[in-house]
Protein chains: 2
Amino acid sequence: MQKETLCLGLLSLGPRSGYEIKQMFEGPLSDFYSLSFGTIYPTLNSLQADKYVSCKQHSQSKKPDKKVYTITKKGMELMKDNLLGDASSYIRSGNFGDQIKSEFFLLLLFSKYLPKETMNTVLNERVLYLRQKLEQFNYDGPVPGNLDAIRNEKSVSFIRGLASALIETGLNYMEKNRGKLS
Amino acid sequence: MQKETLCLGLLSLGPRSGYEIKQMFEGPLSDFYSLSFGTIYPTLNSLQADKYVSCKQHSQSKKPDKKVYTITKKGMELMKDNLLGDASSYIRSGNFGDQIKSEFFLLLLFSKYLPKETMNTVLNERVLYLRQKLEQFNYDGPVPGNLDAIRNEKSVSFIRGLASALIETGLNYMEKNRGKLS
DNA sequence: TTAAACTATATCAATTTGATATAGGTATTG
DNA sequence: CAATACCTATATCAAATTGATATAGTTTAA
């Protein structure tokens with residue numbers, strides 16, 4: 001997905017600073033997508049230059065100025081047009097689509113070159129890690145203000161439910177089949 | 001995973017050309033990892049310069065020369081050392097770990113900006129695509145020669161079984177819960 | 001009190017991708 | 001049978017992206 005469309009999409013949930021957009025990627029979006037500061041800040045600048053977003057500078061007494069971006073009408077239109085135009089190309093992407101770099105699967109692939117006790121530890125820690133992820137996806141308590149909007153999206157509960165189901169399947173599979181690796 | 005470790009790991013399954021390594025990434029590895037030609041060829045050159053692989057030039061009558069790389073003893077040692085040294089850092093990566101860019105999930109996230117009939121088509125095509133993926137993972141027939149070695153790895157049947165289980169879960173979830181999106 | 005961690009933007013070297021160049025072979029199709 | 005498309009095979013490079021670092025003040029924890 002074009003970085004412009006993505007940033008506009010996130011700004012459509014409410015005005016945000018670049019730093020807050022990054023927080024979304026590190027928080028609720030971390031399992032699905034990420035952009036670095038080096039991409040986010042220049043994208044916001046170019047979106048502003050082309051009037052897809054407006055910017056209000058909040059001088060915060062002593063911290064560096066916070067630049068809060070708001071999506072414009074023109075920006076909303078561009079975002080919707082882009083989403084509609086590219087929708088079909090996103091169908092074959094995602095879990096078992098494009099753009100995945102799973103180092104854990106590579107480790108499994110080459111597991112025969114590792115000592116058995118190492119692989120045992122790795123699999124145990126993977127299970128712990130996935131249980132932790134599962135808790136994360138099932139967690140329903142409060143979240144920091146700037147992450148609240150995304151949490152309350154209708155689509156997010158669909159996505160969280162799917163992620164939860166997938167992790168559970170992965171955990172069950174691992175527990176039942178880990179013997180087949182060695 | 002370092003590109004060197006990964007290329008060495010693939011060469012540990014048998015001698016290969018750069019083009020054939022790329023075919024592995026486009027074939028059986030496509031759902032888990034990928035490297036471009038722009039990374040593969042320079043990596044093979046530097047591995048050769050440092051004696052981690054040897055290279056035999058096969059002049060093929062009329063096609064361009066095929067450079068077939070073979071992992072050396074020194075290369076096997078480097079690969080194993082790297083795998084062991086970095087194993088713990090790969091635990092938190094993969095499905096629901098790092099490095100995933102799922103455009104399909106982004107599309108779901110922004111689905112409210114798309115016409116209902118578009119999302120309906122998208123979801124139908126996604127289901128078809130996943131069914132096709134499922135077939136791919138369950139397929140047990142013959143594969144081209146250079147992809148055979150990877151197919152016969154013990155770890156690969158574990159991985160394929162896992163992928164298959166995950167896709168099935170995803171399909172079931174989608175069919176039961178797609179109403180919740182709109 | 002002092003170190004660590006957080007808020008906030010900006011920049012940039014190093015890496016990586018995706019496209020293109022080159023060049024001949026093979027398969028399809030009307 | 002000729003034309004078109006796709007396959008084998010390596011190489012290179014502009015453009016995009018990351019990951020790290022710089023800067024600088026604030027807040028939290030020990």
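Lettering follows sequence order; numbering is per chain, from 1.
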Inset, instruction - Would you kindly give the CG-to-P distance between A:Leu44 and C:dA8, to the nearest whole Å? - result: 14 Å

Inset, instruction - Rounded to the nearest angstrom, tell me the gap between atom NZ in A:Lys66 and atom P in C:dC6. - result: 16 Å

Legend entry - Donor on one side chain, acceptor on other, A:Gln2 and A:Asp86, under 3.5 Å: yes

Inset, instruction - Would you kindly check if the NZ (Lys) or CZ (Arg) of A:Lys101 is within the cone defined by 45 degrees around the ring axis of B:Tyr33 and under 6.0 Å from the six-membered ring centre? - result: yes

Inset, instruction - If a pair satisfies salt bridge (Lys or Arg N to Asp or Glu O under 4.0 Å) and one of its residues is in residues 9-24 of chain A, list it, with sequence neighbours excluded. - result: A:Glu20-A:Lys66, A:Lys22-A:Glu26

Inset, instruction - Find the distance A:Leu147:CG to C:dC6:P and express it as a whole number of Å. - result: 14 Å

Between protein and nucleic acid, restricted to nucleotides 11-14 of chain D and to nitrogen or oxygen atoms under 3.5 Å apart, what atom pairs and distances do you find?
unit_1: D:dA11; atom_1: OP1; unit_2: B:Lys67; atom_2: NZ; d: 2.4

Inset, instruction - Output every pair passing ring pair (Phe, Tyr, Trp, His ring centres under 6.0 Å) with a member in residues 153-182 of chain A, not counting sequence neighbours, ordered by first then second residue. - result: A:Phe158-B:Tyr173, A:Tyr173-B:Phe158

Inset, instruction - Consider only side-chain heavy atoms of I, L, V, M, F, W and Y, link residues closer than 4.5 Å, and tell whether A:Phe25 and A:Ile159 are in one cluster. - result: yes

Inset, instruction - Answer with base, sugar-phosphate or nothing: what part of the nucleic acid does A:Thr43 contact at a heavy-atom distance below 4.0 Å? - result: nothing

Inset, instruction - Answer yes or no: does a side-chain N or O of A:Lys101 lie under 4.0 Å from OP1 or OP2 of C:dT17? - result: yes

Inset, instruction - Determine yes or no for a side-chain-to-main-chain donor-acceptor pair under 3.5 angstrom, with B:Thr72 supplying the side chain and B:Tyr52 the backbone. - result: yes

Inset, instruction - Report the distance from atom CG of B:Leu128 to atom NZ of B:Lys133, rounding to the nearest 0.5 Å. - result: 14.5 Å

Legend entry - Residues within residues 17-29 of chain B bordering DNA chain D, heavy-atom distance below 4.0 Å: B:Ser17, B:Gly18, B:Tyr19, B:Gln23

Legend entry - A:Lys3 or B:Val68, whichever maps to the more 5' nucleotide of DNA chain D: B:Val68

Legend entry - Partner set under salt bridge (charged side-chain N to carboxylate O under 4.0 Å, His left out) for B:Arg160, not counting sequence neighbours: B:Asp140

Legend entry - Exercise: do A:Glu4 and A:Asn82 side chains pair donor with acceptor under 3.5 Å: no

Legend entry - Length of the line joining B:Ile40:CD1 and D:dA9:C1', which is rounded to integer Å: 12 Å

Inset, instruction - Describe, in one word, how the ring planes of B:Phe37 and B:Tyr19 are oriented to each other, choosing from parallel (under 30°), tilted (30 to 60°) and perpendicular (over 60°). - result: parallel

Inset, instruction - Would you kindly confirm whether A:Met119 and A:Val127 end up in one hydrophobic cluster when ILVMFWY residues are joined by side chain heavy atoms under 4.5 Å apart? - result: yes

Inset, instruction - Within residues 4-11 of chain A, find the residues that approach DNA chain C with a heavy atom at under 4.0 Å, and present them sorted by residue number. - result: none

Inset, instruction - Tell me which nucleotide among C:dG18, D:dA9, C:dT9 gets nearest to the side chain of B:Ser36. - result: C:dG18

